[in-house]
Trainee: 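I have a structure here, written as structure tokens, and I will follow up with some questions on it.
The first residue in the sequence is number 1, and the count goes up from there. Counting starts at 1 for both ligands and their atoms, following the listed order. What you see is a predicted model, and the numbers here were worked out from it, not measured in a lab. Keep in mind that the numbers below use all heavy atoms, side chains included, and drop hydrogens, waters and symmetry copies.
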Amino acid sequence: MSSPVHQNSSFSTPQWWKEAVVYQIYPSSFQSHSGATTGWGSIQGIASRLDYLKSLGVDVVWSSPICKSPQADMGYDIADYKQIYHRYGTLQDVDNLIAELTKRGMKLMMDLVVNHTSNEHAWFLESRSSKDSPKRDWYIWKKPKSVSADGVPEPPSNWAQILGEANSAWTYDEKTGEYYLSLFTPEQPDLNWENPEVRAAVWDVMHFWLQRGAAGFRMDVINLISKVPGYPDAEVVLGAGCKFQPAFKYFVNGPKMHDYLQEMHREVLSKYDTITVGEMPGISDDDEVLRTVGAKAGELRMIFIFDLVDIDKPHVRMALKPWDVKEMKSIISRWQRVMIEKDGWNSVFIENHDNPRSVSRYVDDSDEWRHIGAKLIALMQTTLGGTLFIYQGEEIGLRNISKSWDIEEFKDIETINYWAKVNDLYADNPEELAYGRKIIDMKARDHSRTPMHWNAEENAGFCDAGAKPWMRIMDDYKTVNVDAQMKADLGDDLSVWQFWQRGLKDRKEHADVFVYGDFEELSVEHPNVFAYVRTSIKGEKWLVVLNYSGQELEWLMPDNLSVQFWACSNYVKGRAEKPLKKTIPLKPWEGILGRGVECVEYDDAKFAKADSFGYDKLSKPQSRPTTEISDVKFWLVTGDVKPPLKEIKYEAPSQSWGVGSPVYFLLIREGDLKRCKKDFQ
Ligand code: GLC
């Protein structure tokens, strides 16, 4: 048995940002407003959907970047941190949005993109204007490593661009004859965080938004802000023919990152009551993560750990690596336990704008199974510990773009760069081209960026009929949309949306279990079933059993366990009819939630006597009392088994349920006592 939530840690101390349900909006694709002809979403559009979000159970809205940007990377290239991108609206629209959120008890989280700016930001234009510019040192400029005889300069190191690994992460500037570092694309030059003026300018941007009423930030690739000095060449891991190599080792959680985050905390965050989540790719070491999210670390509330969404990533994102359910479970369980044992805090997310849809990736998105699969994921997400993030469309089970779509429909710079690389390398090789397309079909970021499905009308209610959406809307919007799922009356079943809504409500009502509770996995060796128990500090327990396979199978509950009843299933609206212990049959992709798990830690030697009376030590007595006892968990023959039992509180029930001799007593853990009494009354 793993150790319980430490009594002396602050893990279970309630905080609004721990209980908050955060909903991520991709602003270009969420909701355009009436009368707009751009085909892009807008801030007014977001404001018009706040009642919708509230009814789903959302507390905090995080929008991907809305600031002024040439949109080389969909707003992750900011040209002015204090202005709004014209298609999205104005600062006034943001003020209105914050006011409308506040009215509903909700908050706004901004996307802070400060590892880099746009190459059109005034800071960069100034920096690149000359080697003597006062802002030259605001970015990372280096001389060419060498210049060939015919005058061709070589980049300072072999680092590959992150959104186009065929290209260099260094961009040559003809005018000053130097390279600047641009880890993502040439349009996204990296800021030089070594320079205190840069850090001060970032703190200023943060104050600007917090004072305006933002409740905090999602911080874009915040663990890339400190680079290893000297910019050494990276090891060669991509095959022959690849000039540039992934160099994460030299800029992920670099030498000064913690200094910078602590300074950020001192200078900005400590002055407000914020929600902060750092996007931190490429880091998986417990202690290193805890240096940022530990309760006493003084850096960020939580981070996005990439282990789950990178489960199929080898060296670069646009590639494939095999994985299985066991690995998926071990990643999730590991981080649940680490945060409990080391007093940190988790973010729970399975989708975002950089990943394919979860129903396509982890379950089965076919017409037959998508509805069940999306609810399986919802059950998992709403019962894991940490702050929960939902990505737009996840709540209706949106799936990946159809394989039949033409490549021209993909708009993301990463997909475009990747497809160009595949075509450069393999123009005459149909097999390689098909494999490249397969990777796009499975991994492209575009899958999660298609416009939201609001209703069955033209343009799915995303933008006015007649306007042309910036990106093609998925073909299934007439059947899979918010309107249909909210109104659905499916008899003894719930739509994906209704299931999410109920799950979020249950999570809030039982926050002490699902947000703050202990976590213990029960199915480590099982190839397909993910089963875990969540326990509140008072001892309330719930059991989650998830069949991550398209097969019917049976899961054997550990001997010392049973549930009072199966409160929820992704197949039916009400309780699931299943055995309460031992062998539990599961349908394909079925998930169930059991209430009131009893988990007696018994001592075989002590109970040997009980056995000798001829009773199964963990079963109910043969002759049952007439009282409704479906909530009684374990009955034990007491005989000469005397209290106090280690770790088990012994108490005779208030009324005699004994039938003849010997007398049966209910053995309950201390924390469960009150609740059980209530259940019986
Ligand atoms: C983050 C964003 C991603 C963007 C990149 C560069 O990973 O989520 O969309 O391309 O940073 O800003």
Side-chain angles (χ1 to χ4, degrees), residues 22 24-30 41 62-79 81 85 109-121 124 139-140 159-165 167 169 171 180-191 193 202 205 217-225 227 246-248 251-253 257 276-283 300 302-310 313 316-318 347 349-357 389 391-392 410-418 443-450 471:
V22 184
Q24 184 191 353
I25 283 179
Y26 198 61
S28 54
S29 287
F30 185 63
W62 150 36
S63 173
S64 279
I66 51 174
C67 289
K68 186 174 169 192
S69 162
Q71 305 290 334
D73 184 20
M74 292 305 293
Y76 283 94
D77 48 324
I78 293 180
Y81 292 100
Y85 175 54
M109 190 163 98
M110 294 289 287
D111 208 316
L112 185 73
V113 188
V114 288
N115 171 69
H116 45 267
T117 67
S118 158
N119 61 344
E120 292 183 19
H121 195 292
F124 186 71
Y139 293 83
I140 300 167
W159 296 8
Q161 240 178 62
I162 297 176
L163 297 182
E165 74 268 0
N167 312 317
T171 306
Y180 61 89
L181 184 65
S182 49
L183 288 179
F184 286 90
T185 66
E187 291 79 21
Q188 293 163 291
D190 285 59
L191 280 163
W193 277 65
V202 171
V205 167
F217 302 101
R218 174 266 187 186
M219 302 184 185
D220 192 62
V221 288
I222 199 65
N223 64 332
L224 270 48
I225 55 182
K227 281 85 178 170
F248 295 96
F251 49 75
V252 158
N253 284 44
M257 184 197 81
T276 52
V277 51
E279 190 204 20
M280 293 207 173
I283 190 75
L300 303 177
M302 63 199 123
I303 66 169
F304 290 138
I305 293 166
F306 273 50
D307 290 1
L308 181 59
V309 291
D310 277 352
K313 175 184 160 189
V316 287
R317 226 186 60 77
M318 291 303 278
S347 66
F349 76 102
I350 197 163
E351 282 192 21
N352 60 30
H353 64 291
D354 291 332
N355 282 284
R357 292 291 186 176
F389 290 74
Y391 179 69
Q392 71 180 46
F410 291 77
K411 304 290 178 217
D412 176 24
I413 182 76
E414 183 186 42
T415 314
I416 293 169
N417 282 340
Y418 174 72
K443 303 278 300 266
R445 306 194 298 180
D446 309 70
H447 292 299
S448 55
R449 299 179 177 189
T450 58
M471 187 177 183

Trainee: Pairing donors with acceptors under 3.5 angstrom, does anything connect the side chains of Ser64 and Gln24?
Mentor: yes
Trainee: Using a 4.0 Å heavy-atom threshold (strictly under), name the region of His116 that reaches ligand 1: side chain, backbone, both or neither.
Mentor: side chain
Trainee: Counting non-hydrogen protein atoms only, what is the nearest one to atom 1 (C) of ligand 1? Give residue, atom name and distance.
Mentor: Asp220 OD1, 2.8 Å
Trainee: Salt bridge check: are Asp354 and Arg317 linked by an N-O gap of less than 4.0 Å?
Mentor: no
Trainee: I'd like to know if Asp446 pairs up with Lys411 as an ion pair, taking the criterion as any Lys NZ or Arg NE/NH1/NH2 lying under 4.0 Å from an Asp or Glu carboxylate oxygen.
Mentor: no
Trainee: Check contact between Gln188 and ligand 1, using heavy atoms of the residue and a distance below 4.0 angstrom.
Mentor: yes
Trainee: As a test of understanding, state which of Phe184, Tyr180, Tyr76, Phe124 forms a ring-ring contact (aromatic ring centres under 6.0 Å, His included) with His116.
Mentor: Phe184
Trainee: Which ligand 1 atoms, with their elements, are less than 4.0 angstrom from a heavy-atom of Arg445?
Mentor: 3 (C), 4 (C), 9 (O), 10 (O)
Trainee: Answer with yes or no whether the side chains of Tyr139 and Ser182 bring together a donor and an acceptor at under 3.5 Å.
Mentor: no
Trainee: Relative to each other, are the rings of Tyr81 and His121 parallel, tilted or perpendicular (30° and 60° limits)?
Mentor: tilted
Trainee: At under 4.0 Å between heavy atoms, is it the side chain or the backbone of Arg449 that contacts ligand 1, or both, or neither?
Mentor: side chain
Trainee: For atom 10 (O) of ligand 1, what is the closest protein heavy atom, and at what distance to 0.1 Å?
Mentor: Asp73 OD2, 2.4 Å
Trainee: How far is atom 7 (O) of ligand 1 from its nearest protein heavy atom, and which residue and atom is that?
Mentor: Glu279 OE2, 2.9 Å
Trainee: Measuring from non-hydrogen atoms of Arg218 to any atom of ligand 1, is the shortest distance under 4.0 Å?
Mentor: yes
Trainee: When you compare the side chains of Asn167 and Asn417, does any donor N or O come within less than 3.5 Å of an acceptor on the partner?
Mentor: no
Trainee: When you check the gap from the basic side-chain N to the acidic O, do Lys313 and Asp307 get nearer than 4.0 Å?
Mentor: no
Trainee: In terms of atom number and element, which parts of ligand 1 are under 4.0 angstrom from non-hydrogen atoms of Leu163?
Mentor: 10 (O)
Trainee: Considering only heavy atoms, which of Tyr26, Phe304, Phe184 lies nearest to atom 5 (C) of ligand 1?
Mentor: Phe184
Trainee: Tell me the protein heavy atom at minimum distance from atom 8 (O) of ligand 1, and give that distance in Å.
Mentor: Asp354 OD2, 2.4 Å
